[in-house]
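To start, the structure under review is shown below, and the notes come after it.
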Amino acid sequence: MRRFRLPGTWKVRVGYFLLSIFILFTVIGPWVAPYDPSYTGFTPDLSPSSQHLLGTTLLGQDVMSQLLVGCRETLVVSFVAGVIAVVISIIVGLTAGYVGGKTDEVLSLFIAVFLTLPGLVLLIVIISLFPQGQQANPLVIGSVVALTGWAWGAKVLRAQTLSLRNRDFVEASRIIGERRWRTIFAEIGPNLLPVLASSLVGTVLYAVSVSTVLAFLGLTPITTWNWGTMLYWAFANNAALAGEWWWLAGPCLAIALVGTSLALINFGIDEYINPRLRVGNLSNRERKRAGLSRRPKLGFTPVHRVTPVIGAPVMAGAQTGPEVLATEATASTPAPREDHP
Amino acid sequence: MTTSSNPVLEVSHFNVDYGVGAAAVRAVDNVTFTLERAHVLGVAGESGSGKSTLAYGLTRLLRAPGIITGGDVHLHLGTDADARRMDLLAASEAELRAIRWKHISVVMQSALNALNPVRKIGKEFDEVLKTHNRSMSKSARKDRARELLGLVNLTPDRLERYPHELSGGQRQRVMIAMALALQPELVIMDEPTTALDVVTQREIVAELQKLRQELGFALIFITHDLSLLVELADEIMVMYAGRIVERAPALELYRGPRHPYTLGLMGSFPPLHGERKVMTGIPGSPPNLKDLPGGCAFHPRCPYAMERCTLEDPMLSPIEDGQRTVACWLHDPSVSAAVPVELRRKDAALAGEAG
Amino acid sequence: MNQIPANDAVVATTNGITRGEVILEATDLVRRFTAKGEGGLFAPKKTLVAVDRVSLALRAGEVVAIVGESGSGKSVLSRLLARIITPSAGTLALRGTPIDLRSRRTTAYANEVQLVLQDPFASINPVRRVGRSLERPLRIHGTPKDQVQARAYEVLESVSLTPPQQYLDRFPHELSGGQLQRVNIARGLSVRPKVLLADEPISMLDVSVRLGVLNLLRELCDAHLLAMMYITHDIASARYIADETAVMYAGQVVERGRGTVVIDAPVHPYTQLLVSSVPDPDQLTHQEHRATTANAVGFNLEGCRFSPRCPHATELCHTSEPPMVELEDGHSAKCWLVADAAQRTAVSMRPGPSSEG
C-alpha cells in the first residue's frame with residue numbers, strides 16, 4: 001500500500017506512546033487530579049512525598065494537581081492552534097502552488113512577511129486587543145497563535161504542490177475535464193498528507209512553546225491553570241532561588257516530553273517523505289539476523305554467501321551437455337531444408 | 001570460437017538478493033559467464049530481468065538493500081608480465097577504489113545524475129586523472145582531457161561548460177570519455193543510449209565501435225533493445241527473471257533464436273521494411289520477482305510450454321557443439337517433443353558460411 | 001491490420017460517423033513560449049516557437065503518427081489539440097465546427113477529445129484506487145450514478161483487462177506497466193471520445209508488452225472509428241500502426257505521407273537520417289552519416305530549420321525557409337531539394353494535401 005502509513009520504527013512508537021499519555025491526561029486530567037489545583041490550604045513548600053507526589057507550592061497548592069489540570073488547557077490550545085494553522089497553510093499554500101502566476105507572487109509575499117514578522121511581538125499586540133474575558137478562551141488563544149504559525153507550513157506545502165502540479169496525473173485530471181478546485185483538493189491533496197502531518201506536528205510543537213511563553217509572561221490570564229501559568233507563579237515566587245525545584249520540574253519536564261514525542265513522530269514522517277533516510281528497507285534487525293556485521297556502504301555492496309559455491313545446479317546441466325549436443329545435431333539438420341524448400 | 005584463452009572477467013554462480021531473510025528477493029540467480037579481452041558482451045532483458053543488478057553487483061556498486069549472496073567474480077588485471085587475477089568479491093574497499101576507473105569503469109543511463117552540477121566538465125576530468133595518476137602534471141591532464149573529448153567527437157571548449165549546458169547526447173559522450181580516461185580493461189554500460197534520440201544513439205554506437213577497435217577494452221553493454229545489441233555486440237546474453245535464458249554469438253542469436261523468450265522479444269520490434277502485418281509480441285506481463293511462477297519462470301507467457309516447464313526449472317545447457325547455451329526444456333535431449341521450426345532454424349547465409 | 005485509404009472508405013458508420021470523415025482539423029497552429037534570456041535578470045526575453053504552423057486532419061478510424069525527437073514540439077502539439085495549452089495562432093475545427101480558441105475549453109470538448117499521457121506510472125493518481133480514477137471522468141461528464149460502474153466494467157473489458165472487477169479495487173502500484181497503460185487508455189475511452197491523442201503511449205513500457213498496447217490502440221481505432229493521433233519517437237512503431245505519418249523537426253512538419261511511404265522512401269534529409277539511424281540488424285552495413293549532432297546546438301530560425309545539420313544544405317537553405325511541396329499523391333516534404341525539382345508545379349506555403357479533405 002502506498003497510502004500514508006508511518007514507518008513503525010522505535011522512535012515513532014515511543015513518540016506515539018508519550019503523546020497518547022498526554023492526550024489521555026488532557027481528557028481525564030481534571031478528574032484524576034488528587035486535589036483542587038487552586039486550593040491553598042496545604043502546608044506550603046513541601047518537597048515531593050506520598051501525599052503530594054510533586055510537592056506543594058509556596059502558596060500551599062498541590063503541584064501534581066496543577067500539572068494534571070493544566071495539561072488540558074496547554075494541549076487544547078496547542079492543537080487548536082495547530083489545526084487552524086494547517087487549515088490556513090493548506091488554503092494559502094495549495095492555492096499559491098497550483099494557481100501560480102500573480103496569485104502565487106502575492107501569496108508568496110504574504111507568506112514571506114509572516115515568516116519574518118517577530119511572532120511574539122505580534123501575538124502580544126493581538127492578544128491585548130481582545131477583551132479580558134476572551135483572553136482565557138483556548139479558541140481565541142489558539143487562533144492567535146495559529147496566525148503567527150501557519151506561514152512555515154504554507155511555504156512547504158506550496159513547494160510540494162509546485163512539484164506535484166507538473167506530475168502527469170494532475171495533467172490527466174485536467175484532461176478529463178476536472179474542475180480546478182477539485183484537482184487541487186481531491187487529486188493533489190491526498191498526496192500532500194505526509195507533508196501535512198509533518199506540518200501539523202511542527203505547528204503544535206510551536207504552539208506548545210508559544211502559548212507557554214505567553215502565559216509565562218503573564219500576557220494571558222494567570223488565573224487559569226496551564227503549564228505556562230504554573231511557571232509564571234513559580235518564577236513570581238522565586239522558586240528557583242528558593243531551591244523549590246519540584247515546582248519547576250513538573251511543567252518543564254512535561255513540556256519537554258510533549259516536545260520529544262512530537263519530534264519523534266516527525267522523525268517517522270520525515271523518513272516517510274524523504275526516501276534517502278530509509279536505509280533501503282534493510283533494517284538493523286534483519287541485517288543482524290542475516291549475519292551482516294556492517295551497515296551497507298555506498299560503493300561497497302556486501303557479500304554474504306548463503307548458498308554453497310560448489311555443486312551449484314549449473315554443473316549438473318553442464319554434465320548433460322554432450323547428450324544435448326548429440327540430439328541437437330540431428331534435430332537441427334532438417335532445419336535448413338525447411339528454409340530452402 | 002575461442003574458449004577462455006584470455007579472459008578479462010570470470011563470473012560463476014553469481015547471486016544477488018534484495019533484502020535478507022524471508023523478505024529477500026532473488027534478483028540475479030546463478031549467473032555464470034566469461035568475458036574475453038576486447039570482446040563486447042550484450043546483455044538484453046526487460047525491467048526486472050536483473051540486467052542492471054548484474055552490472056552493479058559485479059562492480060559492487062549496488063546500493064542497499066542489494067546483497068551479493070553467492071558466486072565468484074574474478075577480474076584479470078594488467079598485461080602479460082604483471083597480470084594478476086583479482087577476486088572482486090573478496091576485495092577490500094581500498095582495493096576496489098584502486099581498480100575503479102583504472103581497470104573497470106561504469107557508464108550509467110543518466111549522465112545528468114552522474115555529473116556534479118556545479119562542476120565544469122574539465123574539472124571532472126581533472127579529478128579522475130589526478131586521483132589515479134599523481135605524477136601527471138596539470139597541463140598534461142588538460143591535454144589528456146582534450147584528447148579524450150576528441151575521441152568522442154566533442155570540441156575541447158566543452159571542458160569549460162557545466163553539465164546542464166550540454167545536451168543529453170553530449171553529456172553521455174562526456175561520461176564515455178571519462179570512463180575511458182584511464183584505459184580500463186573493462187567498461188560496463190547500463191542503457192547508455194536509452195534516454196537519447198535515435199540519431200544520437202546511432203552516432204554514439206558508431207563511436208563506441210571505433211573506440212573499441214582503437215583501445216581494445218572489453219565492454220558489457222546492457223539494454224532492452226535487442227536490435228541495437230546485434231549491431232554492437234560479439235555475443236548476446238538474454239536475461240529473464242534474474243537468469244540467463246540464452247547466450248549466443250550476436251548474429252546467430254538474431255538469425256536463429258533458441259529460447260522462446262528471445263524469439264518473442266525479437267517479434268516485439270516492428271520491422272522497418274517489408275509488408276506490414278499484425279505481430280503479437282509476448283502475452284502477459286513481465287514477472288514479479290517477489291512471486292515467480294514455479295518451474296521455468298517464463299512458462300506462463302510461453303506458447304510452447306509443456307507440463308515439465310511448470311514443474312522443473314531448466315538449466316542453462318550447451319547446445320549445437322557448445323556454440324551457444326540455452327535454458328529451455330524444448331532443447332533437452334530427454335524431451336521427446338520436437339523442437340518447433342522457428343526455434344531451430346539457421347540463417348541461410350550463415351549455414352552457407354559454415355559449410 | 002486494416003489499411004483503408006480515406007478515398008474509398010464509406011463502409012462503416014458508427015454513431016453517425018463515417019470512416020474517413022475528418023473529425024478534428026487543425027490549421028496553421030502556432031504556439032510560442034517566452035523564456036528568460038541568457039545572461040542575467042534583465043536579459044531580453046527569448047521567444048521559442050514550439051509548434052510552428054502545423055496543419056493536420058484526424059479522420060475517423062485512422063491513425064496519424066507524429067514522429068520526432070524530444071524537443072520537436074510533438075507533445076506540445078497534442079496539448080494544443082486537447083486544448084490544455086492555448087495556441088498563439090491558428091484554428092481548430094471539431095467535426096467542421098470552428099472552435100473559439102479564446103474561450104475556455106468546454107466539458108463537451110474534453111468529452112470529444114481525450115489525451116493519453118506517456119507515463120502510466122505517473123499519470124494515474126498513486127493514492128487512488130484504479131476504479132476511482134476510471135469513474136471520475138464519467139461522473140464529470142454526467143453519467144448517471146447507476147451506470148458508472150457498468151461503463152467502467154465495459155471499458156476495462158475493451159482494453160482486455162478481464163475480469164474487470166479484479167482491477168477496480170487495486171492501487172496503481174499493484175499493476176504492471178502494461179496493465180496501467182491499459183487503464184490509462186480505458187480512462188480516456190470511458191467518455192466515448194471521437195478523438196484519442198496518444199502521447200508516446202508505449203515508450204515507458206517493457207519491450208515485450210509494447211506490441212500488445214499498440215495492437216489495442218489500432219483495434220480500438222478500427223472498432224470505435226476513433227480519430228487517433230499517435231505521437232512517438234520510434235519510427236518503426238509509427239510504420240506499424242499509422243495510416244499517415246508526419247515527421248516533425250523543430251516545431252515544423254518536414255515530411256508527411258500516407259501509408260508507409262515516409263519511412264520506406266524518405267525524401268527529406270532529416271527523415272532519411274532518422275530512418276537510417278534506427279538499429280536494423282537486417283542491414284548491418286550502414287552508410288556513413290554526414291550529418292552530425294555531436295557539437296550542434298540550436299537550429300536555424302532563418303531558413304530551413306535543419307540546415308545546420310543537413311549534409312546537402314546550400315546557401316538557399318540557410319537563408320530562406322523551404323515550402324511544403326507535394327511530391328505525389330499524399331506525400332510531401334518541406335525541403336529545397338525537392339522544391340527545385342518540382343519548381344514548375346505550384347510551390348505553395350500551404351501545408352500538405354491531407355488537410356484539404
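Numbered from 1 within each chain, the chains take letters A, B, ... in sequence-line order.
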**Report entry** Region of C/I263 that comes under 4.5 Å of a non-hydrogen atom in chain B
**Finding:** side chain
Query raised in the report: Hey, does the Lys NZ or Arg CZ of B/R301 hover above the aromatic six-ring of B/F298, less than 6.0 Å from the centre and inside 45° of the axis?
Result: no
Report task. Give the member of B/L272, B/I282, B/V198 that has the highest number of heavy-atom pairs under 4.5 Å with chain C. Result -> B/L272
Query - chain C contact via B/S47 - which portion, at a heavy-atom distance below 4.5 Å - result: both
**Report entry** By side chain to side chain contact (heavy atoms under 4.5 Å, CB included) - contacts of C/V64 (at least two apart)
**Finding:** C/L58, C/I66, C/E244
Query raised in the report: Mind checking what makes side chain to side chain donor-acceptor pair (under 3.5 Å) contact with C/D264, not counting sequence neighbours?
Result: C/R239, C/T260
Report task. Assess the side chains of B/D225 and B/S227: does a donor N or O sit below 3.5 Å from an acceptor N or O? Result -> yes
Requested in this report: For the residue pair C/Y270 and C/E69, confirm or rule out a side-chain donor-acceptor distance under 3.5 Å.
Outcome: yes
Report task. Give the member of B/P271, B/G264, B/A206 that has the highest number of heavy-atom pairs under 4.5 Å with chain C. Result -> B/P271
Requested in this report: Measure B/N288 against the heavy atoms of chain C and call it side chain, backbone, both or neither at under 4.5 Å.
Outcome: neither
